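These notes are about the structure you will find just below.
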Amino acid sequence: MAYSITKEDSPFPIGSISKMNSMKPLYPTRCVHTISQEDNNSVLSLAASENYLFSGSQSSKIHVWDMQTFTLVTMLEGHVGSVLGLALSEDKYWLFSCSGDGTLRVWDTKTLKCVYSILSAHDVGDVFSLVYSEKSKTLFFGSQNTSIQWFDLNDPQTLGSAKDIPIVPISLRNSQKLKFFGDACGVVQDSVALEQDVVRCIVREKNVYLNAHDGYVYCLLYSQEIPNIDGEVIISGSGDGDIKIWSLVDSNIKHIQTLKGNSDKGVLSLTLSEDGYLFCGVQGGDVMYQLIRSVMAHSDDVLAVALKGPGLVSASADGTIKVWSEGFEFRESLDDHDGAVLSLTTSRNYLITGSSDHSIKFWDLPSTVSNIEQFRRSNVVKESPCNDAFIYVLEKWIGMRTVGGNPKYMEECRRGARFLKSVLQQLGAVSRMIPGVCGRNPLVYGKFIGKASGADASKKIPTVLIYGHYDVIAADEEQEWNSDPFILTGRNGYLYGRGISDNKGPILSCIFGVNELLKEGLLDVNVIFLIEGEEESGSVGFHEAVNKHKDLFKDVDMILLSNSYWLGEDVPCLTYGLRGVVHASITVCNARSDMHSGVEGGAISEPLIDLIHVLSKFVDKDKKVLIPGFYDNVCPLTEEEKRLYDPIVEWMKKTKDAPLGSKSQRSSGQSPVLIILDTEKFTQDLMSRWRYPTFTVHKIDVSINNPTIIPRSATATVSMRIVPDQSISEICQQFQDHIKNVFEETNSETTISVEIKSASEHWLGDPQNKYFKAVEKAIEEEWNVKPLYIREGGSIPAVKWLEKFCDAPAVHLPMGQASDQAHLHNERIRLKNIHAGRRIVKRLLQMLPGLV
């Protein structure tokens with residue numbers, strides 16, 4: 001006896017089910033990425049292969065997305081109506097599409113070109129659904145005119161034969177308005193005539209089953225494994241509420257059985273489990289199970305259903321996606337879309353949904369694990385509930401607020417360090433924590449052991465030290481972010497979150513790259529990771545901590561870091577120089593307390609005025625620093641270095657987006673584009689940013705902030721960027737002497753003091769050495785273009801010191817783009833870059849045994 005629950009007599013509210021499971025999943029389904037179709041049209045259909053996601057649009061285009069980087073590869077054009085259905089052949093070689101223009105198309109998924117355009121000899125109206133039989137090489141489709149038709153891809157027409165081609169009446173759809181989704185394309189045109197290399201095919205009359213249903217044929221399923229039915233089967237669902245089963249016999253379809261439904265509840269979507277259970281989504285919001293059990297899954301039409309793992313997923317016009325267990329019990333509801341969920345598909349890693357809000361979302365459905373097993377989980381990498389371990393680890397790490405230099409976050413920093421240590425161990429490294437100096441964050445050490453390559457097992461195994469940092473800049477102005485800075489968010493091919501670009505993303509990219517080589521048996525070098533937690537605070541205590549454990553860093557041949565950005569958006573770079581930095585404060589004060597300016601003004605020396613006088617003597621109107629001897633030891637420009645600027649100038653002439661500046665300035669993506677009128681001047685501008693020293697006043701603080709009070713003290717925070725071959729000790733002495741001399745000119749009764757807060761050395765690599773050339777080759781193999789050699793105006797305190805400590809050269813490999821927003825709101829990194837960075841590191845490590 002059939003059992004059905006209606007909304008009127010249900011004991012549960014809309015959206016509930018007859019067998020409730022109120023327990024929330026321990027690992028809920030997560031939206032890991034969102035992409036938006038560029039044409040701002042609804043996503044009507046989806047199909048996924050290993051490499052590509054295909055999305056059919058209301059605008060008639062099929063968007064092709066890279067499944068690894070979530071970036072647009074191309075758009076397939078040819079249909080002139082909404083793309084209502086997509087399907088892939090079993091071997092993923094063919095993509096099939098059907099449209100509101102009444103046609104079907106067959107696309108080659110390797111070349112991403114249309115091969116065949118298929119048209120019916122009947123006025124079919126909109127073609128809603130299609131399936132493909134690999135066995136018989138036949139494409140079946142259901143239409144608005146209630147027919148089911150099919151086309152055999154072995155038909156001589158596909159080879160260009162013009163013999164015995166069916167005649168299509170001239171009147172058919174030549175001026176028919178496109179329907180169903182309100183297509184904006186207007187009148188159908190014969191676009192095939194304008195396309196070369198597209199073979200036009202007509203469905204033969206013998207391949208038409210008219211009036212297959214009493215309503216539109218909204219959905220089709222193909223199967224060879226229906227219980228009690230031998231051979232190939234087509235299942236159709238219709239607006240008449242019925243489901244029909246058809247067998248494929250001798251290139252024809254034969255009606256076997258009708259599963260009667262409710263004529264008021266058209267069948268909009270179908271899916272079939274491996275053990276032969278049929279699920280259908282119907283108008284009004286129900287999901288039906290073998291037509292004997294009905295669950296009020298949604299409050300509006302169920303437009304798509306699919307199986308993912310052991311469970312069912314349903315999507316509705318009410319904007320929700322619901323996940324059901326193997327026993328058809330409700331697990332959770334997903335409501336991230338802002339419109340009707342129109343389409344649904346699955347890939348190896350993801351559940352993928354498309355909506356009328358123009359977006360596509362990728363969902364990670366955790367595997368079903370018992371609660372006891374969940375609480376015993378200790379291996380965050382190998383047993384993660386996420387299908388992509390890299391993204392899962394990155395998400396966990398971004399969620400840890402490892403803000404450096406702030407005691408409030410010290411325990412969170414330690415938690416982030418312990419997490420990284422655990423990840424390194426689980427990926428095959430020997431790992432440990434190195435304590436920082438008192439009151440500072442620990443360092444994380446990890447070593448992957450390589451094997452000897454080649455016939456000579458006694459040959460020295462090269463060792464690479466990869467340096468990075470896990471501390472991040474605070475995200476104080478969270479309201480400026482488009483998403484929570486400490487929740488990893490994927491949008492349009494980018495990952496967003498504090499520290500994603502600076503420096504957690506590149507670090508994990510390197511770690512996972514090394515792990516891949518280890519698993520593949522190709523790790524022929526030792527790789528040491530040294531990840532500190534105080535880089536954003538000047539690497540306080542770094543030298544002391546590493547020195548105490550010098551035995552861990554023996555025989556290092558090369559140092560690699562990835563902690564900066566490209567010059568623009570489209571060309572990779574190699575960084576060969578960084579400026580050093582001296583941070584200092586200048587304080588002027590008097591012996592009195594804060595005083596009223598209306599009482600004492602004009603009678604006493606004012607600290608703020610004296611401080612402004614001193615600061616005014618540091619830089620002239622041409623931006624030249626006035627400290628005597630400041631430029632004396634600046635390394636002269638060589639012809640070899642000057643030539644490195646030539647490719648940059650040529651690139652600038654061609655590019656439209658080339659923001660320039662220091663680490664934080666470039667990452668804002670808001671710097672004005674420089675219009676090159678004078679090549680020499682532009683080159684000088686670059687040199688001013690990268691290779692010449694500077695003096696900067698960052699801020700002035702006073703003892704009391706009141707517009708009527710003379711503050712008793714004023715302090716300026718300043719910095720000097722230093723370059724080769726300036727000496728920090730000499731620069732600091734010249735700085736202090738200059739302040740003393742200038743202050744004496746004031747004859748003031750105030751006093752002045754100077755405090756050097758921190759200092760780090762400049763770094764200059766050799767772009768001609770074998771390691772730079774190896775990285776250059778790895779970059780060129782990945783991006784198919786030579787990298788630009790650039791310098792950085794910013795500073796990384798540890799690099800120069802590590803070169804001396806390890807007696808090994810460093811190479812700086814930027815992974816991010818200029819628009820990464822490091823240190824700013826909406827910090828991000830492009831997935832394409834982070835995956836490319838991993839492959840570059842792998843290539844480099846495989847080259848190294850031949851270099852040492």
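Fair warning: this is a prediction, and the values are worked out from it, not measured in the lab.
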Around atom [atom1] of [X], are there more than 12 heavy atoms of other residues, nucleotides or ligands at under 6.0 Å?
| X | atom1 | value |
| --- | --- | --- |
| Glu134 | CD | yes |
| Lys832 | NZ | no |
| Gln224 | CD | yes |
| Glu411 | CD | yes |
| Glu225 | CD | no |

Is the shortest side-chain N to carboxylate O distance from [X] to [Y] below 4.0 Å?
| X | Y | answer |
| --- | --- | --- |
| Glu516 | Arg838 | yes |
| Arg30 | Glu332 | no |
| Arg843 | Glu781 | yes |
| Glu412 | Arg415 | yes |

With a 3.5 Å cut-off and no angle check, do the side chains of [X] and [Y] form a donor-acceptor pair?
| X | Y | result |
| --- | --- | --- |
| Asp502 | His823 | yes |
| Thr109 | Trp94 | no |
| Ser57 | His63 | no |
| Asn349 | Ser347 | no |
| His835 | Thr69 | no |
| Asp66 | Tyr52 | no |
| Asp300 | His298 | no |
| Lys504 | Thr402 | yes |
| Ser49 | Asn51 | no |
| Trp65 | Ser55 | yes |
| Lys361 | Thr34 | yes |
| Tyr470 | Glu532 | no |

Tell me whether [X] contacts the main-chain N or O of [Y] through its side chain, where contact means a donor paired with an acceptor under 3.5 Å.
| X | Y | answer |
| --- | --- | --- |
| Asn503 | Ser562 | yes |
| Asn41 | Asp39 | yes |
| Gln817 | Glu569 | yes |
| Ser359 | Ile35 | no |
| Glu827 | Ser501 | yes |
| Asp318 | Ser299 | yes |
| Asp301 | Leu303 | no |
| Ser325 | Gly311 | no |
| Lys322 | Ser333 | no |
| Thr353 | Leu344 | no |

Give the minimum heavy-atom separation between [X] and [Y], together with the two atoms involved.
| X | Y | answer |
| --- | --- | --- |
| Leu518 | Gly428 | CD2-CA, 3.9 Å |
| Pro506 | Ile500 | CD-O, 3.6 Å |
| Asn441 | Cys413 | OD1-CB, 3.3 Å |
| Leu86 | Ser45 | CG-OG, 3.5 Å |
| Leu342 | Ser42 | CD1-CB, 3.7 Å |

Tell me, please, whether Tyr496 has Arg491 positioned over its six-membered ring: NZ or CZ under 6.0 Å from the ring centre and within 45 degrees of its axis?
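The answer is yes, since Arg491 meets both limits relative to Tyr496.
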Kindly indicate whether a cation-pi arrangement holds for Arg828 with Tyr494, taking the cut-offs as under 6.0 Å to the six-membered ring centre and within 45° of the axis.
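Flagged: Arg828 positioned over aromatic ring of Tyr494.
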Can you list the steps and then say if Met815 with Arg830 is a side-chain contact (heavy atoms from CB on, under 4.5 Å)?
CA-CA 9 Å; Met815 285 192 193; Arg830 188 169 63 166; over 6 Å; no
Working note: Phe529 + Tyr445, criterion ring-ring contact (aromatic ring centres under 6.0 Å, His included); need CA distance, chi angles, decisive distance, verdict.
CA-CA 6 Å; Phe529 282 90; Tyr445 169 91; 9.8 Å; no
Using the benzene-type ring in the case of Trp, are the ring centres of Tyr277 and Phe328 under 6.0 Å apart?
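That pair fails the under 6.0 Å test.
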Quick check on the 6.0 Å ring-centre criterion: do Phe330 and Trp324 meet it?
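Close enough - the centres of the two rings lie under 6.0 Å apart.
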Begin from the C-alpha positions of Leu46 and Leu53 and carry the test side-chain contact (heavy atoms from CB on, under 4.5 Å) through to its verdict.
CA-CA 7 Å; Leu46 293 167; Leu53 171 70; 4.2 Å; yes
Rounded distance (nearest 0.5 Å) linking atom CZ of Arg839 with atom CD of Glu782
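So the gap between those two atoms works out to 4.0 Å.
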Measuring from Ile466:CD1 to Cys510:SG, what's the distance to the nearest 0.5 Å?
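It is 4.5 Å, given to the nearest 0.5 Å.
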Measure the shortest side-chain to side-chain distance between [X] and [Y] over non-hydrogen atoms and say whether it is less than 4.5 angstrom.
| X | Y | value |
| --- | --- | --- |
| Leu523 | Phe448 | yes |
| Lys92 | Glu50 | no |
| Thr74 | Leu76 | yes |
| Thr271 | Leu312 | yes |
| Lys61 | Val83 | no |
| Trp783 | Asn833 | yes |
| Leu278 | Leu270 | yes |

Qualifying residues under ring-ring contact (aromatic ring centres under 6.0 Å, His included), relative to Tyr222, sequence neighbours excluded:
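Scan of Tyr222 (ring-ring contact (aromatic ring centres under 6.0 Å, His included), adjacent residues dropped) gives none.
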Output, in order, the C-alpha distance, side-chain angles, deciding distance and verdict of side-chain hydrogen bond (donor to acceptor under 3.5 Å, both in side chains) for Tyr350 and Asp364.
CA-CA 5 Å; Tyr350 302 111; Asp364 193 337; over 6 Å; no
side-chain contact (heavy atoms from CB on, under 4.5 Å) partner of Val43, chosen from Ser343, Ser36, Ser355:
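Among the candidates, only Ser343 passes.
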Check the pair Cys280, Val282 against side-chain contact (heavy atoms from CB on, under 4.5 Å), reporting the backbone distance first and the verdict last.
CA-CA 6 Å; Cys280 58; Val282 301; 4.2 Å; yes
Set out, in order, the CA-CA distance, both residues' side-chain angles and the distance that settles side-chain contact (heavy atoms from CB on, under 4.5 Å) for Leu394 and Leu488, then state yes or no.
CA-CA 8 Å; Leu394 192 53; Leu488 185 68; 4.3 Å; yes
Among Phe54, Trp107, Tyr132, find the one that has a ring-ring contact (aromatic ring centres under 6.0 Å, His included) with Phe96.
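Among the candidates, only Tyr132 passes.
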